[in-house]
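Encoded as structure tokens, the structure appears first; notes follow it.
Just follow the structure's listing: the first ligand is 1, and inside any ligand the first atom is 1. For reference, positions follow the sequence shown, starting with 1.
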Amino acid sequence: MVRRYDPSVPVAADVLERVLDAGLKVPSAGFTQGVSLLVLQRPDVERYWTLTTDPTAEPDRWLVGMRTAPVLVLVWTAPGAYLDRYAEPDKGWTDRDPARWTAPYWHVDAGMAVLAMLYAAVDEGLGACFFGVPPDRMAAIASAYGVPDGQELVGVVSLGTPVTRPGRSRRERRSPDELVHRGQWRATSHPIS
Ligand SMILES: Cc1cc2nc3c(=O)[nH]c(=O)nc-3n(C[C@H](O)[C@H](O)[C@H](O)COP(=O)(O)O)c2cc1C
């Protein structure tokens, strides 16, 4: 994840299109394709930060860095589109009961789109970061950009030319032995709870 960009280098239009295309060419549950992307470029990105930050507070290091991103891709998903798709005859979940879902595929699919864009960005020589949005700002964002009812904001992908190497997470990477269980779930010294 890259959290500081060169603000003087825009993302070329063809590069951006390829990154967005990667986000669309992903698997989706029932091929619902219920994930949509709202693309903000300068000067529109500034409005996003105005909508999500407190103008009276001193910006922290994270915000100072992220505000340099020339492109923000807001990732939206439509749970109703999945409930509709799975109510079709080949799926048959006509009661549209969310309890049927082992995991909400509308969020799973958004994660697929995000990861594809992150990989595509790296392939294009860009830096990128996925980050969450303050929940209490979501309604204001939807209203500001004319997003219709039924769309949920999952998060944002920032894109740009990195000025820092991706920093290592302060947390240690867990070893495969802790996370991969073969044949039988085996107790480890640091169980994930
Ligand atoms: C679901 C999800 C939410 C995340 N939210 C944020 C966020 O709000 N802000 C941020 O700076 N990074 C966010 N990240 C990035 C993680 O902090 C990062 O992937 C992790 O620390 C590992 O670092 P690396 O991806 O650079 O190896 C998020 C990642 C995921 C998958």
Applying side chain to side chain donor-acceptor pair (under 3.5 Å), name anything that partners R96, two or more places apart in sequence or on another chain.
->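 R96: side chain to side chain donor-acceptor pair (under 3.5 Å) contacts with D84.
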Quiz item: cation-pi between R137 and Y48, 6.0 Å / 45° | no
Do G132 and ligand 1 have an N or O pair less than 3.5 Å apart?
-> yes
For M1 and ligand 1, does the shortest N/O to N/O distance drop below 3.5 Å?
-> yes
On the 0 to 90° scale, with breaks at 30° and 60°, tag the W49-W62 ring pair as parallel, tilted or perpendicular.
->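 Rings of W49 and W62: perpendicular, over 60°.
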Taking non-hydrogen atoms only, is M66 closer than 4.0 angstrom to ligand 1 via side chain, backbone, both or neither?
-> neither
Going by atom type alone, with no hydrogens or angles, which donor-acceptor pairs under 3.5 Å involve a side-chain atom of residues 107-130 and a protein atom two or more places apart or on another chain?
from, atom 1, to, atom 2, distance (Å)
D109, OD1, A29, N, 3.4
D109, OD2, A29, N, 2.9
D109, OD2, Y82, OH, 2.7
E124, OE1, R18, NH2, 3.1
E124, OE2, R18, NE, 2.6

